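Report on one structure; see the data block that follows.
Note that ligands are numbered from 1 as they come in the structure, with each ligand's atoms numbered from 1 the same way. Keep in mind that what you see is a predicted model, and the values were worked out from it rather than measured. Just so you know, these numbers use all the heavy atoms, side chains as well, and skip hydrogens, waters and symmetry mates.
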Amino acid sequence: MKTPVRVAVTGAAGQIGYALLFRIAAGDMLGPDQPVILHLLEITPALPALQGVVMELNDCAFPTLAGVVATDDVNVAFKDVDYALLVGARPRGPGMERKDLLEANGAIFAPQGKALNDHAKRDVKVLVVGNPANTNALIAQQNAPDLDPNCFTAMVRLDHNRALSQLAEKTGAHTTDIKRMTIWGNHSSTQYPDIHHATIKGRPAIDAVDGAWYKDTFIPTVQQRGAAIIKARGASSAASAASAAIDHMRDWARGTADGDWVSMGIPSDGSYGIRPGVIYGYPVTIKDGRFTIVQGLEIGTFSRERMDATDKELREERAGVEHLFAQ
Ligand code: NAX
């Protein structure tokens, strides 16, 4: 067994938390030889429920669980952490304007960014799941001036996995037959699931489906999948979101497979015409804990329009939260 690492999870008593913690503790994220110490953050009223979750974690007697810290203090939660999964966020309530939502989340992600800046390991890997995930990641990043900006990422992996699943179902393939799927941009309905570079059993995916299905069924289905789950289940995606968070962190820590890539919301750097300043979904390969944007993909007019539309939305979100950035 290796030396234990510290993994923070916020919103730990929520429904994604309940689907996530047991898998991290079981070794699904960092491997069966990597013990973890979980740092669980909740708001004060949720601490009793969190205690129940801690009891259950202990009752699993996981070989890879080396300790649990449960707290409502952000400075304790992020002390010396190697990984941080920021799940807790303020959901959109009835009658809540987008501006109010961004403001309420600023009140959560600005202090959390500062606490990560002050207490986390210098190479901490931060994944923001709580919505609006890309902009919440940007708020946290902008409040952590002493950390590398690339410590901060947002989750588009659920969209990536949804896209794999839709394409597999349509073509009769298995998701593992599909490589090089890409989600560009925001984790929102403007996201652009792009199959132009994807392959199915080594053959171009775009040739396996007709254009009308891709444009009129596939793209909107992936974009609206979250709403479809809420309609069917009466609650938002939880187990699939937790599973995607595990995938995102596992690949960031342990690397991507040769010949394939994954989608991650990461700081834009000008690649593909997306100026720096937002957290944008890109295709990335990962080696030794560092992600690299896949370069040189050909972008046609159809893709360009959609990539720019989701970029525009992210810049509007950014304009609404810039006052929350540390100077
Ligand atoms: P829940 O409402 O079940 O749980 C959220 C938990 O966060 C609650 O227990 C709450 O007490 C806690 N919390 C609130 N503020 C906190 C703070 N400042 N510090 C620590 N904990 C805090 O929501 P759940 O279904 O678990 O979803 C969590 C977030 O994930 C939501 O913002 C949701 O929109 C987002 N999602 C993101 C997805 C993605 O792909 N990026 C997909 C799934 C999900 O919709």
| Does NZ or CZ of Arg304 come closer than 6.0 Å to the centre of the six-membered ring of Phe302, within 45° of the ring's axis? | no
| Qualifying side chain to side chain donor-acceptor pair (under 3.5 Å) pairs with a residue from residues 273-296, counting only residues at least two apart or across chains | Ser271-Gln295
| Which residues share a side chain to side chain donor-acceptor pair (under 3.5 Å) with Ser236, sequence neighbours left out | Gln15
| Test salt bridge (charged side-chain N to carboxylate O under 4.0 Å, His left out) applied to Asp82 and Lys2, Arg6, Lys121, the passing residue | Lys121
| Taking only residues two or more places apart in sequence or in another chain, which ones pass salt bridge (Lys or Arg N to Asp or Glu O under 4.0 Å) with Arg318? | Glu322
| Where Val126 and Met249 come nearest, the two heavy atoms and their spacing | C-CE, 4.3 Å
Which protein N or O atoms sit under 3.5 Å from any N or O of ligand 1? Give each pair with its distance.
unit_1: ligand 1; atom_1: 3 (O); unit_2: Gln15; atom_2: N; d: 2.9
unit_1: ligand 1; atom_1: 9 (O); unit_2: Gly14; atom_2: N; d: 3.4
unit_1: ligand 1; atom_1: 9 (O); unit_2: Glu42; atom_2: OE2; d: 2.6
unit_1: ligand 1; atom_1: 11 (O); unit_2: Glu42; atom_2: OE1; d: 2.7
unit_1: ligand 1; atom_1: 21 (N); unit_2: Gly11; atom_2: N; d: 3.3
unit_1: ligand 1; atom_1: 25 (O); unit_2: Gln15; atom_2: NE2; d: 3.0
unit_1: ligand 1; atom_1: 26 (O); unit_2: Gln15; atom_2: N; d: 3.4
unit_1: ligand 1; atom_1: 26 (O); unit_2: Ile16; atom_2: N; d: 2.9
unit_1: ligand 1; atom_1: 32 (O); unit_2: Asn131; atom_2: N; d: 3.0
unit_1: ligand 1; atom_1: 34 (O); unit_2: Asn131; atom_2: ND2; d: 2.9
unit_1: ligand 1; atom_1: 36 (N); unit_2: Asn131; atom_2: ND2; d: 3.4
unit_1: ligand 1; atom_1: 40 (O); unit_2: His187; atom_2: NE2; d: 3.2
unit_1: ligand 1; atom_1: 41 (N); unit_2: Val129; atom_2: O; d: 3.2
unit_1: ligand 1; atom_1: 41 (N); unit_2: His187; atom_2: NE2; d: 3.4

